[in-house]
Amino acid sequence: MTHKWWQNAVIYQIYPQSFQDSNHDGIGDLHGIIKRLPYLQKLGVDVLWLNPIYDSPLKDNGYDIADYEKILPDYGSMTDFNELLKAIHAHGMKLLMDLVVNHTSDQHRWFQESKQSKDNQYADYYIWRDPVDGHEPNNWGAAFGGSAWTYVEERGQYYLHLFAPGQPDLNWENPAVRESVWEIMRFWLDKGVDGFRMDVINLISKPVGLPDAPEPANYAIVEPLVADGPKLNDYLKEMNEEVLSHYDVMTVGEMPSSKPEDAIAYTGLDSHELNMVFQFEHVQLSANPDPQLGKWDDTPVKVPELKQALSPWQTALDGKGWNSLYWNNHDQPRAVSRFATDNPKYRVLAAKMLGTTLHMMQGTPFVYEGEELGMPNVHYTRLDQYEDLESINAYHELVDENHLVDGPTMLSYLSARSRDNARTPMPWDTSTNAGFSDVKPWFALNPDYPEINAAAAVNDQSSVFYHYQKLIQLRHDSDLIKFGTYEELDPKYAQVFAYRRHYQGKTLLVISNFTDQNVVRDYDQDHASKLLLSNYPDDEGTVLRPYESKVYVFD
Ligand code: GLC
Ligand code: CA
């Protein structure tokens with residue numbers, strides 16, 4: 001197999017709204033990103049992925065696109081975009097755009113026309129159904145609460161939206177829809193962008209007949225029913241043939257509910273579909289037994305379950321497909337709070353430990369803005385501190401309407417899991433508004449910014465930032481890290497996450513203590529040829545100190 005550039009890459013995700021403001025309106029923008037390219041270059045990342053920057057009414061922070069070929073004025077103009085792309089390339093990096101084509105905004109001109117009548121050019125661009133006995137066509141619940149169907153008088157029909165009512169699902173069965181999507185993709189690729197992250201792309205092919213879901217048909221129950229539908233492979237192959245195969249680009253498909261067997265089909269070298277997928281097993285771990293609560297929970301992750309969620313992907317895709325590696329993104333709480341601890345005593349150790357555990361695996365690592373600083377959750381205590389519609393709607397639905405949990409419990413769930421934990425502005429330094437903006441930011445800063453910020457990290461050789469810089473450098477320099485085969489160790493052991501990697505007679509041993517206790521565990525580390533990396537200044541062999549994480553090489 002010839003190696004591809006993206007197998008050597010580490011990707012950095014930018015949430016544009018919260019990265020850097022450059023024109024004094026409190027909203028991050030494209031010129032702000034240009035200003036921070038030297039910082040990203042210092043970190044050593046190869047590719048930047050931007051969350052959607054297209055024109056949008058921002059009902060779901062840009063995942064509701066009104067015009068795919070126009071930049072949101074808050075972020076800049078197309079001229080600014082061209083400048084940004086040029087600057088990214090001049091800094092030796094590449095750019096991935098977010099492609100959101102399971103749905104559009106209801107403000108998109110296709111939908112505006114589609115809803116007028118049953119016989120216009122765009123009538124069949126969305127999924128319209130007649131009422132059944134005066135009701136919704138099926139029982140599906142939408143991701144942001146309520147029914148997945150909304151009625152439109154003009155047509156006397158319902159349209160499907162798996163997400164908010166302002167995000168109608170496109171009808172991929174219609175060849176004209178697919179052709180329109182290919183055109184959007186060519187528009188950006190012809191500008192020179194280097195690939196796409198594809199939003200919920202495994203939801204585009206709906207199950208035949210749109211059958212009812214088992215009750216309670218909330219989104220958590222509906223999603224596996226809709227995911228990986230019957231024509232998905234056909235659509236992705238067509239996309240590849242029509243568009244992707246004509247460019248040297250990389251693609252990663254966001255695929256909630258997918259299993260390794262699905263991902264092998266999508267990312268297999270002979271399947272001609274995508275390069276990698278974002279799987280969800282580790283971020284969807286939940287101890288909450290009540291299906292009515294969907295994703296809402298606040299119990300800490302159990303290490304054996306985490307291993308069970310990640311290791312099968314490592315072994316199943318080896319030599320057959322390719323993994324993406326991520327702990328968090330704009331839809332998840334902060335990694336250090338979710339998977340380890342944000343107790344100030346251990347936060348830095350824990351953030352480095354998580355970085356090591358993930359970056360030594362096989363696949364392409366993604367770093368979400370602020371992760372390289374070990375940013376913790378923001379720990380809001382009141383509902384009015386949230387901006388995200390998912391969090392706010394969930395509170396109203398579960399607490400006020402259905403009385404499934406009490407307010408304080410739900411606030412605790414939000415504090416543990418809300419997407420807003422990841423969306424606070426990037427803390428750059430200790431100046432006013434953390435150097436993010438010189439006016440009040442669109443969303444409050446994490447109050448710990450005087451301590452946790454990029455300038456402090458860059459000035460401290462023992463910071464999480466330099467640990468990530470090292471992880472990235474090690475990957476670039478080592479075929480063992482990039483391509484080694486994964487061997488799971490100790491799957492049931494609750495304190496330590498350990499594994500080996502094997503490549504051309506060499507072995508890598510990775511050991512991470514996920515607890516705040518000393519643990520003694522022997523993986524033959526005393527016989528290693530060398531210690532490659534650690535988050536402690538010295539080595540105590542089989543004694544693993546709190547959140548200690550070590551990487552050894554055996555020649
Ligand atoms: C994806 C996005 C998320 C968005 C949803 C609907 O999961 O990452 O932010 O709300 O799709 O587009
Ligand atoms: Ca701005």
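Both counts, for ligands and for their atoms, begin at 1 and track the order of listing.
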Notebook entry, point to check: Under a 4.5 Å cut-off applied to non-hydrogen side-chain atoms, are E173 and K231 in contact?
Noted result: yes

Checklist line | Residue from M93, E83, Q41, K94 passing side chain to side chain contact (heavy atoms under 4.5 Å, CB included) with I88 | finding: M93

Check: Can you find a pair of side-chain heavy atoms, one from K191 and one from M78, that are under 4.5 Å apart?
Finding: yes

Notebook entry, point to check: Between W140 and W149, how do the two ring planes meet: parallel, tilted or perpendicular, split at 30° and 60°?
Noted result: tilted

Item checked: Nearby protein N/O/S atoms (those under 3.0 Å) for the Ca ion (ligand 2), with water ignored -> D21 OD1, N23 OD1, D25 OD1, I27 O, D29 OD2

Note to self: Ignoring hydrogens, what is the shortest heavy-atom contact between F443 and Q385? Give both atom names and the distance.
What the structure shows: CE1-O, 3.6 Å

Next item on the list: Give me the ring orientation class for H330 and Y63: parallel if the planes are under 30° apart, tilted from 30 to 60°, perpendicular past 60°.
Entry: parallel

Note to self: Once you measure the plane-to-plane angle for F339 and H282, does it fall in the parallel (<30°), tilted (30-60°) or perpendicular (>60°) bin?
What the structure shows: parallel

With the criterion set at N/O pairs under 3.5 Å, what does the list of contacts between the protein and ligand 1 look like, atom names and distances included?
{"residue": "ligand 1", "atom": "7 (O)", "partner": "E254", "partner atom": "OE1", "Å": "3.3"}
{"residue": "ligand 1", "atom": "7 (O)", "partner": "E254", "partner atom": "OE2", "Å": "2.9"}
{"residue": "ligand 1", "atom": "7 (O)", "partner": "D331", "partner atom": "OD2", "Å": "3.4"}
{"residue": "ligand 1", "atom": "8 (O)", "partner": "R197", "partner atom": "NH2", "Å": "3.0"}
{"residue": "ligand 1", "atom": "8 (O)", "partner": "H330", "partner atom": "NE2", "Å": "2.8"}
{"residue": "ligand 1", "atom": "8 (O)", "partner": "D331", "partner atom": "OD2", "Å": "2.4"}
{"residue": "ligand 1", "atom": "9 (O)", "partner": "H330", "partner atom": "NE2", "Å": "3.0"}
{"residue": "ligand 1", "atom": "9 (O)", "partner": "D331", "partner atom": "OD1", "Å": "2.7"}
{"residue": "ligand 1", "atom": "9 (O)", "partner": "D331", "partner atom": "OD2", "Å": "3.4"}
{"residue": "ligand 1", "atom": "9 (O)", "partner": "R419", "partner atom": "NH1", "Å": "3.3"}
{"residue": "ligand 1", "atom": "10 (O)", "partner": "D60", "partner atom": "OD1", "Å": "3.3"}
{"residue": "ligand 1", "atom": "10 (O)", "partner": "D60", "partner atom": "OD2", "Å": "2.5"}
{"residue": "ligand 1", "atom": "10 (O)", "partner": "R419", "partner atom": "NH1", "Å": "3.0"}
{"residue": "ligand 1", "atom": "11 (O)", "partner": "D199", "partner atom": "OD1", "Å": "2.9"}
{"residue": "ligand 1", "atom": "11 (O)", "partner": "D199", "partner atom": "OD2", "Å": "3.2"}
{"residue": "ligand 1", "atom": "12 (O)", "partner": "H103", "partner atom": "NE2", "Å": "2.9"}
{"residue": "ligand 1", "atom": "12 (O)", "partner": "D199", "partner atom": "OD2", "Å": "2.8"}

Next item on the list: Specify the closest pair of heavy atoms between F19 and W428, including all atoms of both residues, with the distance to one decimal.
Entry: O-NE1, 2.7 Å

Next item on the list: Measure the acute angle between the ring planes of F111 and W128, then classify it against the limits of 30° and 60° as parallel, tilted or perpendicular.
Entry: parallel

